[in-house]
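We use all heavy atoms of the structure for the numbers below, so side chains are in, but hydrogens, waters and symmetry mates are not.
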Amino acid sequence: MAATGSSLEFAPVVDEVLIGALRRDLLAAGFHVDGVEELLGPVASAALHREQVLPARRVVEAAGGAALAVLTSVFMLGGSVSRRVFDGALPGVGVAGAERLGLVRAGGPGDDDVVRALVDLRPYGASDASGEVRWWLASDLGETVTGVRLAGDHVLGAGGASLTLAQVTARRAVSRVLDLGTGCGIQALHAARHADVVVATDISRRALAFTAFNTALNLGGDRDRAGRVEVRHGSMLEPVAGEEFDLVVSNPPFVITPHSGDAGAAVREALGDYEYRDGGRAGDDLVRDLVTGVGQVLAPGGVAQLLGNWEHRRGETWQDRVGGWLDEAYERYGLDGWVVQREVLDPAEYAETWIRDGGTTPDREPEAWAAAYGAWLDDFAGRDVESIGFGIITLRRPAAARPRRLRRLEEHAGAVRQPLGAHIGAVLDAHTWLATHEDDEVAVTRLVSAADVTEERYLTPGAADPNVVVVRQGDGFGRGVQASSPLAALVGACDGELTAGQIIGALAAIFGVEAEELAAELLPAVRGLVLDGFLAPDVNDPRSDLGQSS
(Lines give C-alpha, C1' and ligand atoms only; values in the text may rest on other atoms or scores of the structure.)
Protein backbone atom coordinates (compact mmCIF):
# COMPACT_ATOMS: atom_id res chain seq x y z
CA MET A 1 0.00 0.00 0.00
CA ALA A 2 1.43 3.40 -0.98
CA ALA A 3 1.67 6.29 1.47
CA THR A 4 -1.71 7.82 2.17
CA GLY A 5 -2.37 11.31 0.94
CA SER A 6 -3.32 13.35 4.01
CA SER A 7 -4.14 13.24 7.70
CA LEU A 8 -4.72 16.98 8.15
CA GLU A 9 -7.74 16.37 10.38
CA PHE A 10 -5.37 15.22 13.10
CA ALA A 11 -3.11 18.28 13.15
CA PRO A 12 -2.89 20.03 16.53
CA VAL A 13 -4.40 23.46 17.00
CA VAL A 14 -3.33 26.45 19.06
CA ASP A 15 -5.46 27.53 22.00
CA GLU A 16 -3.30 29.62 24.31
CA VAL A 17 -5.37 28.97 27.43
CA LEU A 18 -5.43 25.21 26.96
CA ILE A 19 -1.77 25.08 25.95
CA GLY A 20 -0.87 26.99 29.10
CA ALA A 21 -2.75 24.40 31.16
CA LEU A 22 -1.05 21.59 29.26
CA ARG A 23 2.39 23.11 29.91
CA ARG A 24 1.70 23.26 33.64
CA ASP A 25 0.40 19.68 33.71
CA LEU A 26 3.46 18.34 31.87
CA LEU A 27 5.79 20.09 34.27
CA ALA A 28 3.88 18.86 37.30
CA ALA A 29 4.04 15.27 36.02
CA GLY A 30 7.82 15.43 35.58
CA PHE A 31 7.36 14.71 31.88
CA HIS A 32 10.84 15.73 30.78
CA VAL A 33 13.84 13.86 29.36
CA ASP A 34 15.40 13.02 32.71
CA GLY A 35 12.08 12.00 34.22
CA VAL A 36 11.21 9.62 31.38
CA GLU A 37 14.68 8.06 31.35
CA GLU A 38 14.56 7.54 35.12
CA LEU A 39 11.11 5.95 34.81
CA LEU A 40 12.12 3.59 32.01
CA GLY A 41 15.60 2.71 33.24
CA PRO A 42 18.68 2.14 31.07
CA VAL A 43 17.53 -1.02 29.27
CA ALA A 44 14.09 0.20 28.16
CA SER A 45 15.47 3.69 27.39
CA ALA A 46 18.17 2.24 25.15
CA ALA A 47 15.64 0.01 23.41
CA LEU A 48 13.34 2.98 22.81
CA HIS A 49 16.22 4.91 21.20
CA ARG A 50 16.48 1.93 18.82
CA GLU A 51 12.71 2.29 18.14
CA GLN A 52 11.87 -0.87 20.09
CA VAL A 53 8.90 -0.09 22.33
CA LEU A 54 8.15 -3.41 24.06
CA PRO A 55 10.57 -3.03 27.02
CA ALA A 56 9.25 0.49 27.70
CA ARG A 57 5.64 -0.69 27.52
CA ARG A 58 6.34 -3.31 30.17
CA VAL A 59 7.88 -0.70 32.46
CA VAL A 60 4.96 1.73 32.22
CA GLU A 61 2.43 -1.07 32.72
CA ALA A 62 4.20 -2.00 35.95
CA ALA A 63 4.21 1.66 37.06
CA GLY A 64 0.41 1.74 37.18
CA GLY A 65 -1.50 5.04 36.95
CA ALA A 66 1.29 7.46 37.89
CA ALA A 67 0.99 10.59 35.73
CA LEU A 68 4.46 10.25 34.21
CA ALA A 69 3.83 6.61 33.26
CA VAL A 70 0.45 7.45 31.74
CA LEU A 71 1.83 10.28 29.59
CA THR A 72 4.78 8.18 28.48
CA SER A 73 2.51 5.30 27.54
CA VAL A 74 -0.08 7.35 25.66
CA PHE A 75 2.08 9.90 23.86
CA MET A 76 5.30 7.97 23.27
CA LEU A 77 4.40 4.28 23.16
CA GLY A 78 0.99 4.15 21.48
CA GLY A 79 -0.76 2.99 24.64
CA SER A 80 -4.35 3.66 25.65
CA VAL A 81 -5.92 4.47 29.03
CA SER A 82 -9.36 5.15 30.40
CA ARG A 83 -10.76 8.66 30.39
CA ARG A 84 -10.60 8.68 34.19
CA VAL A 85 -6.87 7.82 34.23
CA PHE A 86 -6.03 10.38 31.54
CA ASP A 87 -7.90 13.13 33.39
CA GLY A 88 -5.85 12.28 36.45
CA ALA A 89 -2.59 12.55 34.54
CA LEU A 90 -3.46 15.93 32.98
CA PRO A 91 -5.90 17.46 35.47
CA GLY A 92 -5.60 21.01 34.15
CA VAL A 93 -6.38 20.26 30.52
CA GLY A 94 -8.18 16.91 30.80
CA VAL A 95 -9.46 14.74 27.98
CA ALA A 96 -11.84 17.43 26.74
CA GLY A 97 -9.07 20.01 26.44
CA ALA A 98 -6.63 17.56 24.88
CA GLU A 99 -9.29 16.66 22.29
CA ARG A 100 -9.84 20.34 21.45
CA LEU A 101 -6.07 20.71 20.97
CA GLY A 102 -6.11 17.77 18.56
CA LEU A 103 -3.84 15.61 20.73
CA VAL A 104 -6.10 12.67 21.62
CA ARG A 105 -9.37 10.98 20.74
CA ALA A 106 -11.69 9.40 23.29
CA GLY A 107 -13.95 6.48 22.47
CA GLY A 108 -16.84 8.09 24.33
CA PRO A 109 -17.85 10.36 27.24
CA GLY A 110 -17.76 7.69 29.94
CA ASP A 111 -15.05 7.49 32.59
CA ASP A 112 -14.05 4.05 31.37
CA ASP A 113 -13.99 4.91 27.68
CA VAL A 114 -10.60 4.54 26.03
CA VAL A 115 -8.36 7.52 25.18
CA ARG A 116 -5.68 7.26 22.51
CA ALA A 117 -3.14 9.78 21.26
CA LEU A 118 -3.46 11.25 17.78
CA VAL A 119 0.06 12.70 17.91
CA ASP A 120 3.42 11.87 19.40
CA LEU A 121 4.25 14.29 22.22
CA ARG A 122 7.56 13.78 23.95
CA PRO A 123 10.20 15.65 25.95
CA TYR A 124 13.13 17.11 24.05
CA GLY A 125 16.48 18.00 25.54
CA ALA A 126 19.54 19.17 23.65
CA SER A 127 22.56 21.46 23.64
CA ASP A 128 23.31 24.02 21.00
CA ALA A 129 25.82 26.85 20.86
CA SER A 130 23.48 28.93 23.06
CA GLY A 131 23.31 26.30 25.82
CA GLU A 132 20.84 23.70 27.09
CA VAL A 133 17.17 23.45 26.15
CA ARG A 134 14.29 21.47 27.69
CA TRP A 135 11.14 21.42 25.59
CA TRP A 136 8.35 19.15 24.37
CA LEU A 137 7.81 18.34 20.71
CA ALA A 138 4.60 17.24 19.05
CA SER A 139 4.80 15.34 15.77
CA ASP A 140 2.97 12.52 14.03
CA LEU A 141 2.90 9.05 15.55
CA GLY A 142 5.61 6.85 14.10
CA GLU A 143 5.32 3.49 12.39
CA THR A 144 6.75 1.70 15.42
CA VAL A 145 3.64 2.51 17.48
CA THR A 146 0.97 2.60 14.76
CA GLY A 147 2.14 -0.52 12.92
CA VAL A 148 1.21 1.02 9.55
CA ARG A 149 3.11 2.83 6.84
CA LEU A 150 3.56 6.58 7.28
CA ALA A 151 1.14 9.00 5.61
CA GLY A 152 2.40 11.10 2.74
CA ASP A 153 2.11 14.29 4.82
CA HIS A 154 3.69 12.71 7.91
CA VAL A 155 5.44 15.25 10.16
CA LEU A 156 8.62 13.98 11.75
CA GLY A 157 9.81 14.74 15.24
CA ALA A 158 13.39 15.63 16.06
CA GLY A 159 15.46 12.91 14.37
CA GLY A 160 19.19 12.58 13.98
CA ALA A 161 19.42 15.05 11.11
CA SER A 162 17.42 17.68 13.02
CA LEU A 163 19.65 17.32 16.07
CA THR A 164 22.76 17.59 13.90
CA LEU A 165 21.58 20.81 12.28
CA ALA A 166 20.59 22.33 15.62
CA GLN A 167 24.02 21.58 17.05
CA VAL A 168 26.11 22.76 14.10
CA THR A 169 24.30 26.08 13.71
CA ALA A 170 26.28 29.12 14.83
CA ARG A 171 24.19 30.89 17.46
CA ARG A 172 24.62 34.63 17.44
CA ALA A 173 22.24 37.45 18.20
CA VAL A 174 20.72 38.31 14.82
CA SER A 175 17.73 40.20 13.50
CA ARG A 176 16.11 37.73 11.07
CA VAL A 177 16.32 33.94 10.67
CA LEU A 178 14.76 31.76 7.97
CA ASP A 179 13.98 28.13 8.85
CA LEU A 180 13.39 26.63 5.41
CA GLY A 181 11.50 23.32 5.58
CA THR A 182 10.65 23.70 9.24
CA GLY A 183 8.92 20.34 9.81
CA CYS A 184 7.81 20.21 13.44
CA GLY A 185 9.56 23.54 14.07
CA ILE A 186 12.60 22.41 16.01
CA GLN A 187 15.04 24.72 14.19
CA ALA A 188 12.65 27.65 14.58
CA LEU A 189 12.50 27.04 18.33
CA HIS A 190 16.29 27.05 18.61
CA ALA A 191 16.51 30.19 16.48
CA ALA A 192 13.91 32.05 18.54
CA ARG A 193 16.39 32.15 21.41
CA HIS A 194 18.81 34.43 19.54
CA ALA A 195 16.80 36.15 16.77
CA ASP A 196 14.31 39.01 16.70
CA VAL A 197 12.24 37.40 13.94
CA VAL A 198 12.06 33.78 12.75
CA VAL A 199 10.22 32.90 9.55
CA ALA A 200 9.43 29.18 9.37
CA THR A 201 8.38 27.88 5.95
CA ASP A 202 7.23 24.51 4.67
CA ILE A 203 5.35 23.05 1.73
CA SER A 204 3.38 20.96 4.25
CA ARG A 205 0.46 22.69 5.95
CA ARG A 206 0.48 19.96 8.61
CA ALA A 207 4.11 20.77 9.38
CA LEU A 208 3.20 24.43 9.86
CA ALA A 209 0.37 23.43 12.21
CA PHE A 210 2.82 21.43 14.33
CA THR A 211 5.33 24.29 14.28
CA ALA A 212 2.69 26.74 15.51
CA PHE A 213 1.64 24.33 18.25
CA ASN A 214 5.20 23.59 19.39
CA THR A 215 6.06 27.29 19.41
CA ALA A 216 3.03 28.06 21.57
CA LEU A 217 3.74 25.14 23.93
CA ASN A 218 7.41 25.91 24.48
CA LEU A 219 7.63 29.66 24.08
CA GLY A 220 4.10 30.63 25.05
CA GLY A 221 5.18 31.40 28.59
CA ASP A 222 7.30 34.17 27.10
CA ARG A 223 5.00 36.16 24.81
CA ASP A 224 7.89 38.16 23.40
CA ARG A 225 9.76 35.09 22.20
CA ALA A 226 6.63 33.25 21.05
CA GLY A 227 5.71 36.20 18.86
CA ARG A 228 9.04 36.00 17.06
CA VAL A 229 8.07 32.91 15.04
CA GLU A 230 5.99 33.38 11.89
CA VAL A 231 4.90 30.40 9.76
CA ARG A 232 4.48 30.64 5.98
CA HIS A 233 3.34 28.07 3.46
CA GLY A 234 5.26 27.51 0.24
CA SER A 235 8.08 25.72 -1.55
CA MET A 236 11.75 26.44 -1.00
CA LEU A 237 12.53 30.19 -1.25
CA GLU A 238 9.20 31.23 -2.77
CA PRO A 239 7.54 32.37 0.52
CA VAL A 240 10.41 34.80 1.25
CA ALA A 241 11.19 36.13 -2.22
CA GLY A 242 12.63 39.64 -2.03
CA GLU A 243 13.50 39.40 1.69
CA GLU A 244 16.88 39.09 3.40
CA PHE A 245 17.97 37.10 6.44
CA ASP A 246 21.02 37.08 8.69
CA LEU A 247 20.80 33.31 9.14
CA VAL A 248 19.19 30.60 7.04
CA VAL A 249 18.91 27.08 8.44
CA SER A 250 17.50 24.20 6.46
CA ASN A 251 17.02 20.48 6.80
CA PRO A 252 15.45 20.31 3.33
CA PRO A 253 13.76 17.32 1.65
CA PHE A 254 17.15 16.19 0.35
CA VAL A 255 16.47 12.48 -0.11
CA ILE A 256 17.41 11.32 -3.62
CA THR A 257 14.24 9.51 -4.64
CA PRO A 258 13.44 8.37 -8.22
CA HIS A 259 10.98 10.83 -9.74
CA SER A 260 11.14 10.40 -13.52
CA GLY A 261 10.63 7.60 -16.01
CA ASP A 262 9.81 4.02 -15.13
CA ALA A 263 11.85 4.14 -11.90
CA GLY A 264 9.92 7.13 -10.60
CA ALA A 265 6.59 5.57 -11.51
CA ALA A 266 7.54 2.33 -9.78
CA VAL A 267 8.50 4.08 -6.52
CA ARG A 268 5.36 6.21 -6.51
CA GLU A 269 3.26 3.11 -7.08
CA ALA A 270 5.01 1.13 -4.38
CA LEU A 271 5.60 3.80 -1.73
CA GLY A 272 3.99 7.09 -2.66
CA ASP A 273 5.64 10.44 -1.88
CA TYR A 274 6.62 11.81 1.51
CA GLU A 275 6.56 15.59 1.88
CA TYR A 276 9.17 15.63 4.63
CA ARG A 277 11.87 13.96 2.53
CA ASP A 278 10.99 13.87 -1.20
CA GLY A 279 11.61 17.18 -2.89
CA GLY A 280 10.24 16.15 -6.26
CA ARG A 281 13.51 16.75 -8.11
CA ALA A 282 15.79 14.38 -10.00
CA GLY A 283 18.99 13.27 -8.29
CA ASP A 284 20.55 15.90 -6.05
CA ASP A 285 19.13 18.85 -7.99
CA LEU A 286 17.15 20.19 -5.03
CA VAL A 287 20.24 20.55 -2.84
CA ARG A 288 22.21 22.03 -5.75
CA ASP A 289 19.51 24.62 -6.40
CA LEU A 290 19.36 25.57 -2.73
CA VAL A 291 23.14 25.97 -2.51
CA THR A 292 23.31 28.05 -5.68
CA GLY A 293 20.19 30.10 -4.95
CA VAL A 294 20.12 30.78 -1.20
CA GLY A 295 22.37 33.82 -1.69
CA GLN A 296 19.37 35.77 -2.98
CA VAL A 297 17.91 35.88 0.56
CA LEU A 298 21.15 36.29 2.54
CA ALA A 299 21.80 39.73 3.96
CA PRO A 300 25.40 41.04 3.86
CA GLY A 301 27.25 39.06 6.51
CA GLY A 302 24.49 36.44 6.49
CA VAL A 303 25.17 32.72 6.92
CA ALA A 304 23.27 29.70 5.59
CA GLN A 305 23.69 26.26 7.20
CA LEU A 306 22.15 23.28 5.44
CA LEU A 307 22.13 19.50 5.44
CA GLY A 308 22.15 17.59 2.18
CA ASN A 309 22.85 14.55 0.05
CA TRP A 310 24.94 14.57 -3.12
CA GLU A 311 25.79 11.96 -5.70
CA HIS A 312 29.24 10.50 -6.31
CA ARG A 313 29.20 9.82 -10.03
CA ARG A 314 31.63 7.70 -11.99
CA GLY A 315 34.50 9.76 -13.38
CA GLU A 316 33.83 12.77 -11.12
CA THR A 317 34.92 13.34 -7.53
CA TRP A 318 32.32 14.58 -5.10
CA GLN A 319 34.54 17.57 -4.42
CA ASP A 320 34.41 18.55 -8.09
CA ARG A 321 30.64 18.08 -8.20
CA VAL A 322 29.73 19.94 -5.03
CA GLY A 323 32.60 22.37 -5.55
CA GLY A 324 30.92 23.39 -8.80
CA TRP A 325 27.84 24.36 -6.79
CA LEU A 326 30.00 26.49 -4.50
CA ASP A 327 31.60 28.14 -7.51
CA GLU A 328 28.20 29.02 -8.94
CA ALA A 329 27.07 30.43 -5.57
CA TYR A 330 30.24 32.53 -5.53
CA GLU A 331 29.77 33.77 -9.08
CA ARG A 332 26.12 34.69 -8.48
CA TYR A 333 26.24 36.11 -4.97
CA GLY A 334 29.88 36.15 -3.85
CA LEU A 335 29.29 33.43 -1.25
CA ASP A 336 31.94 31.67 0.76
CA GLY A 337 31.41 27.90 0.94
CA TRP A 338 32.45 25.12 3.32
CA VAL A 339 31.24 21.53 2.94
CA VAL A 340 31.97 18.71 5.39
CA GLN A 341 31.03 15.23 4.17
CA ARG A 342 30.08 13.13 7.20
CA GLU A 343 28.83 9.87 5.70
CA VAL A 344 28.87 7.89 2.44
CA LEU A 345 26.45 5.09 1.49
CA ASP A 346 26.49 2.85 -1.56
CA PRO A 347 23.31 2.83 -3.72
CA ALA A 348 21.95 -0.36 -2.15
CA GLU A 349 22.45 0.88 1.42
CA TYR A 350 20.86 4.18 0.52
CA ALA A 351 17.80 2.57 -1.06
CA GLU A 352 17.33 0.23 1.91
CA THR A 353 17.57 3.11 4.38
CA TRP A 354 14.88 5.24 2.77
CA ILE A 355 12.49 2.42 1.88
CA ARG A 356 12.52 1.34 5.53
CA ASP A 357 12.20 4.96 6.64
CA GLY A 358 8.56 5.11 5.56
CA GLY A 359 7.68 1.81 7.23
CA THR A 360 8.05 -0.60 4.31
CA THR A 361 9.97 -3.79 5.10
CA PRO A 362 10.77 -6.87 3.00
CA ASP A 363 8.94 -9.20 5.34
CA ARG A 364 5.78 -7.08 5.68
CA GLU A 365 5.42 -5.93 2.05
CA PRO A 366 7.78 -7.98 -0.10
CA GLU A 367 6.35 -6.91 -3.45
CA ALA A 368 6.46 -3.17 -2.65
CA TRP A 369 9.96 -3.58 -1.21
CA ALA A 370 11.28 -5.36 -4.30
CA ALA A 371 9.68 -2.90 -6.71
CA ALA A 372 10.99 0.18 -4.90
CA TYR A 373 14.43 -1.34 -4.34
CA GLY A 374 14.87 -2.22 -7.99
CA ALA A 375 13.63 1.17 -9.14
CA TRP A 376 16.05 2.98 -6.83
CA LEU A 377 19.00 0.97 -8.14
CA ASP A 378 17.90 1.57 -11.74
CA ASP A 379 17.64 5.30 -11.10
CA PHE A 380 21.16 5.51 -9.67
CA ALA A 381 22.57 3.33 -12.44
CA GLY A 382 21.06 5.65 -15.03
CA ARG A 383 23.24 8.49 -13.75
CA ASP A 384 26.35 6.36 -13.02
CA VAL A 385 25.99 6.97 -9.29
CA GLU A 386 28.53 4.95 -7.32
CA SER A 387 27.71 6.27 -3.84
CA ILE A 388 25.83 9.03 -2.03
CA GLY A 389 27.33 11.51 0.40
CA PHE A 390 25.70 13.26 3.35
CA GLY A 391 27.02 16.29 5.10
CA ILE A 392 26.94 19.85 6.36
CA ILE A 393 27.02 22.86 4.05
CA THR A 394 27.89 26.33 5.35
CA LEU A 395 27.59 29.35 3.10
CA ARG A 396 28.24 33.00 3.86
CA ARG A 397 27.68 36.26 2.06
CA PRO A 398 30.59 38.53 3.08
CA ALA A 399 29.65 41.95 4.37
CA ALA A 400 32.43 43.52 2.29
CA ALA A 401 34.68 42.57 -0.61
CA ARG A 402 37.73 40.54 0.42
CA PRO A 403 40.84 39.38 -1.43
CA ARG A 404 40.29 35.72 -0.50
CA ARG A 405 37.18 33.56 -0.53
CA LEU A 406 36.51 30.54 1.65
CA ARG A 407 36.16 27.46 -0.53
CA ARG A 408 36.61 24.28 1.45
CA LEU A 409 35.41 20.73 0.83
CA GLU A 410 36.54 18.02 3.23
CA GLU A 411 35.61 14.63 4.65
CA HIS A 412 35.24 13.99 8.34
CA ALA A 413 33.53 10.72 9.23
CA GLY A 414 34.90 10.49 12.76
CA ALA A 415 33.50 11.70 16.05
CA VAL A 416 33.05 15.42 16.63
CA ARG A 417 32.59 17.48 19.75
CA GLN A 418 28.99 18.69 19.69
CA PRO A 419 27.63 21.29 19.68
CA LEU A 420 29.78 22.42 16.74
CA GLY A 421 28.02 25.73 16.18
CA ALA A 422 30.45 27.85 18.17
CA HIS A 423 33.42 26.21 16.44
CA ILE A 424 31.94 26.76 12.98
CA GLY A 425 31.26 30.40 13.81
CA ALA A 426 34.84 30.80 15.05
CA VAL A 427 36.22 29.31 11.82
CA LEU A 428 34.19 31.80 9.78
CA ASP A 429 35.54 34.63 11.94
CA ALA A 430 39.08 33.34 11.56
CA HIS A 431 38.73 33.22 7.78
CA THR A 432 37.52 36.83 7.77
CA TRP A 433 40.60 37.86 9.74
CA LEU A 434 43.00 35.84 7.59
CA ALA A 435 41.44 37.13 4.38
CA THR A 436 42.40 40.67 5.33
CA HIS A 437 45.81 39.97 6.91
CA GLU A 438 48.87 39.05 4.85
CA ASP A 439 51.72 36.96 6.25
CA ASP A 440 53.70 39.99 7.37
CA GLU A 441 50.67 41.19 9.37
CA VAL A 442 50.21 37.75 10.93
CA ALA A 443 53.89 37.83 11.90
CA VAL A 444 53.45 41.02 13.96
CA THR A 445 50.37 39.67 15.78
CA ARG A 446 50.43 38.06 19.21
CA LEU A 447 48.78 34.64 19.04
CA VAL A 448 47.48 32.33 21.76
CA SER A 449 46.97 28.57 21.70
CA ALA A 450 43.44 27.32 22.32
CA ALA A 451 42.84 25.67 25.68
CA ASP A 452 41.84 22.37 24.05
CA VAL A 453 45.10 21.93 22.09
CA THR A 454 47.43 19.09 23.12
CA GLU A 455 50.58 17.61 21.68
CA GLU A 456 51.25 13.94 20.91
CA ARG A 457 54.78 12.60 20.40
CA TYR A 458 55.64 9.26 18.82
CA LEU A 459 59.14 7.88 19.38
CA THR A 460 60.98 4.76 18.30
CA PRO A 461 61.89 2.88 21.49
CA GLY A 462 65.24 4.16 22.74
CA ALA A 463 65.23 7.28 20.53
CA ALA A 464 65.91 10.64 22.14
CA ASP A 465 63.74 12.63 19.70
CA PRO A 466 60.24 11.93 18.40
CA ASN A 467 59.66 10.62 14.87
CA VAL A 468 56.26 12.29 14.66
CA VAL A 469 54.68 15.19 16.53
CA VAL A 470 50.93 15.73 16.23
CA VAL A 471 49.17 18.84 17.47
CA ARG A 472 45.68 17.71 18.46
CA GLN A 473 42.45 19.68 18.87
CA GLY A 474 40.08 18.49 21.59
CA ASP A 475 37.10 20.59 20.53
CA GLY A 476 35.37 21.02 17.17
CA PHE A 477 36.29 18.38 14.63
CA GLY A 478 39.11 17.01 16.80
CA ARG A 479 41.66 17.65 14.07
CA GLY A 480 45.23 16.44 14.31
CA VAL A 481 48.01 18.23 12.45
CA GLN A 482 51.40 16.59 11.96
CA ALA A 483 53.86 19.28 12.94
CA SER A 484 57.55 19.80 12.45
CA SER A 485 59.56 20.42 15.62
CA PRO A 486 59.70 24.19 14.98
CA LEU A 487 55.93 24.37 14.37
CA ALA A 488 55.15 22.38 17.51
CA ALA A 489 57.49 24.65 19.46
CA LEU A 490 55.78 27.73 18.04
CA VAL A 491 52.34 26.47 19.10
CA GLY A 492 53.67 25.83 22.58
CA ALA A 493 55.13 29.33 22.80
CA CYS A 494 51.97 31.15 21.68
CA ASP A 495 50.77 32.58 24.99
CA GLY A 496 50.15 36.17 23.91
CA GLU A 497 53.46 37.53 25.19
CA LEU A 498 55.38 37.57 21.89
CA THR A 499 54.34 38.10 18.30
CA ALA A 500 54.46 35.18 15.90
CA GLY A 501 57.45 36.78 14.19
CA GLN A 502 59.36 37.16 17.45
CA ILE A 503 58.77 33.50 18.27
CA ILE A 504 59.94 32.46 14.81
CA GLY A 505 63.09 34.56 15.24
CA ALA A 506 63.88 32.86 18.54
CA LEU A 507 63.23 29.42 17.07
CA ALA A 508 65.51 30.19 14.10
CA ALA A 509 68.36 30.82 16.52
CA ILE A 510 67.61 27.59 18.41
CA PHE A 511 67.40 25.43 15.28
CA GLY A 512 70.30 27.18 13.53
CA VAL A 513 68.39 28.34 10.43
CA GLU A 514 67.70 31.69 8.79
CA ALA A 515 64.71 33.50 10.27
CA GLU A 516 63.34 34.41 6.81
CA GLU A 517 63.60 30.80 5.73
CA LEU A 518 61.79 29.54 8.83
CA ALA A 519 59.10 32.22 8.50
CA ALA A 520 58.41 31.14 4.91
CA GLU A 521 57.93 27.58 6.18
CA LEU A 522 55.88 28.29 9.29
CA LEU A 523 53.60 31.21 8.47
CA PRO A 524 51.43 29.26 5.96
CA ALA A 525 51.05 26.53 8.59
CA VAL A 526 50.23 29.15 11.21
CA ARG A 527 47.47 30.48 8.98
CA GLY A 528 45.99 26.97 8.77
CA LEU A 529 46.13 26.61 12.55
CA VAL A 530 44.39 29.95 13.01
CA LEU A 531 41.67 28.96 10.55
CA ASP A 532 40.95 25.70 12.37
CA GLY A 533 41.02 27.20 15.86
CA PHE A 534 44.32 25.83 17.17
CA LEU A 535 45.63 29.39 17.40
CA ALA A 536 43.84 32.71 17.65
CA PRO A 537 44.92 36.35 17.73
CA ASP A 538 45.20 37.60 21.29
CA VAL A 539 42.09 39.66 22.00
CA ASN A 540 44.31 42.24 23.71
CA ASP A 541 46.35 42.72 20.54
CA PRO A 542 44.96 45.66 18.53
CA ARG A 543 45.71 43.71 15.35
CA SER A 544 43.37 40.89 16.35
CA ASP A 545 40.10 42.66 15.33
CA LEU A 546 38.54 39.23 14.95
CA GLY A 547 35.07 40.25 13.79
CA GLN A 548 31.97 38.07 13.67
CA SER A 549 31.23 36.15 10.45
CA SER A 550 31.24 39.00 7.97
Ring geometry between Phe254 and Phe390 (parallel below 30°, tilted from 30 to 60°, perpendicular above 60°): tilted
Work out which heavy atom in [X] is nearest to a heavy atom in [Y]; give both atom names and the distance.
X: Asp153; Y: Ser204; result: O-OG, 4.4 Å
X: Cys184; Y: Ala138; result: CB-O, 3.8 Å
X: Ile256; Y: Tyr350; result: N-OH, 2.8 Å
X: Val115; Y: Ala106; result: CG2-CB, 4.0 Å
X: Ala44; Y: Val59; result: CB-CG2, 4.0 Å
X: Phe245; Y: Leu178; result: CD2-N, 3.6 Å

Test log, rule salt bridge (charged side-chain N to carboxylate O under 4.0 Å, His left out), inputs Arg100 and Asp15: CA-CA 8 Å; Arg100 287 198 294 274; Asp15 179 312; 5.4 Å; no
Intermediate values then yes/no, side-chain contact (heavy atoms from CB on, under 4.5 Å), Leu219 and Arg228: CA-CA 10 Å; Leu219 305 182; Arg228 297 177 189 180; over 6 Å; no
What side-chain donor-acceptor pairs closer than 3.5 Å can you find for residues 407-414, not counting sequence neighbours?
from: Arg407; atom 1: NE; to: Asp327; atom 2: OD1; distance (Å): 2.7
from: Arg407; atom 1: NH2; to: Gly323; atom 2: O; distance (Å): 3.4
from: Arg407; atom 1: NH2; to: Asp327; atom 2: OD2; distance (Å): 3.4
from: Arg408; atom 1: NE; to: Glu410; atom 2: OE2; distance (Å): 3.3
from: Arg408; atom 1: NH1; to: Asp532; atom 2: OD1; distance (Å): 2.9
from: Arg408; atom 1: NH2; to: Asp532; atom 2: OD1; distance (Å): 2.8
from: Arg408; atom 1: NH2; to: Asp532; atom 2: OD2; distance (Å): 3.3
from: Glu410; atom 1: OE1; to: Arg479; atom 2: NH1; distance (Å): 2.7
from: Glu410; atom 1: OE1; to: Arg479; atom 2: NH2; distance (Å): 3.2
from: Glu410; atom 1: OE2; to: Trp338; atom 2: NE1; distance (Å): 2.7
from: Glu410; atom 1: OE2; to: Arg479; atom 2: NH2; distance (Å): 3.0
from: Glu411; atom 1: OE1; to: Gln341; atom 2: NE2; distance (Å): 3.3
from: Glu411; atom 1: OE2; to: Trp318; atom 2: NE1; distance (Å): 3.4
from: His412; atom 1: NE2; to: Phe477; atom 2: O; distance (Å): 3.0

Full working for salt bridge (charged side-chain N to carboxylate O under 4.0 Å, His left out) between Arg206 and Asp140: CA-CA 10 Å; Arg206 280 179 53 69; Asp140 275 320; 2.2 Å; yes
Of all pairs that satisfy side-chain hydrogen bond (donor to acceptor under 3.5 Å, both in side chains), the ones with a partner from residues 78-89, not counting sequence neighbours: Arg84-Asp112
For residues 66-79, dump all side-chain donor-acceptor pairs below 3.5 Å to protein atoms at least two apart in sequence or in another chain.
from: Thr72; atom 1: OG1; to: Leu68; atom 2: O; distance (Å): 2.8

Arg58, CZ: over 12 other non-hydrogen atoms inside 6.0 angstrom: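 Counting other residues, nucleotides and ligands, CZ of Arg58 stays at 12 neighbours or fewer.
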Neighbour count above 12 (heavy atom, 6.0 Å) for Glu349 CD: yes
Glu51: partners by side-chain hydrogen bond (donor to acceptor under 3.5 Å, both in side chains), with sequence neighbours left out: none
For Asp278, side-chain hydrogen bond (donor to acceptor under 3.5 Å, both in side chains) partners two or more places apart: Thr257
Val448 and Val539: CA distance, side-chain angles, deciding distance, side-chain contact (heavy atoms from CB on, under 4.5 Å) verdict: CA-CA 9 Å; Val448 292; Val539 294; over 6 Å; no
Salt bridge (Lys or Arg N to Asp or Glu O under 4.0 Å) contacts in which one or both residues fall within residues 243-255, not counting sequence neighbours: Arg176-Glu243, Arg232-Glu243, Glu244-Arg397
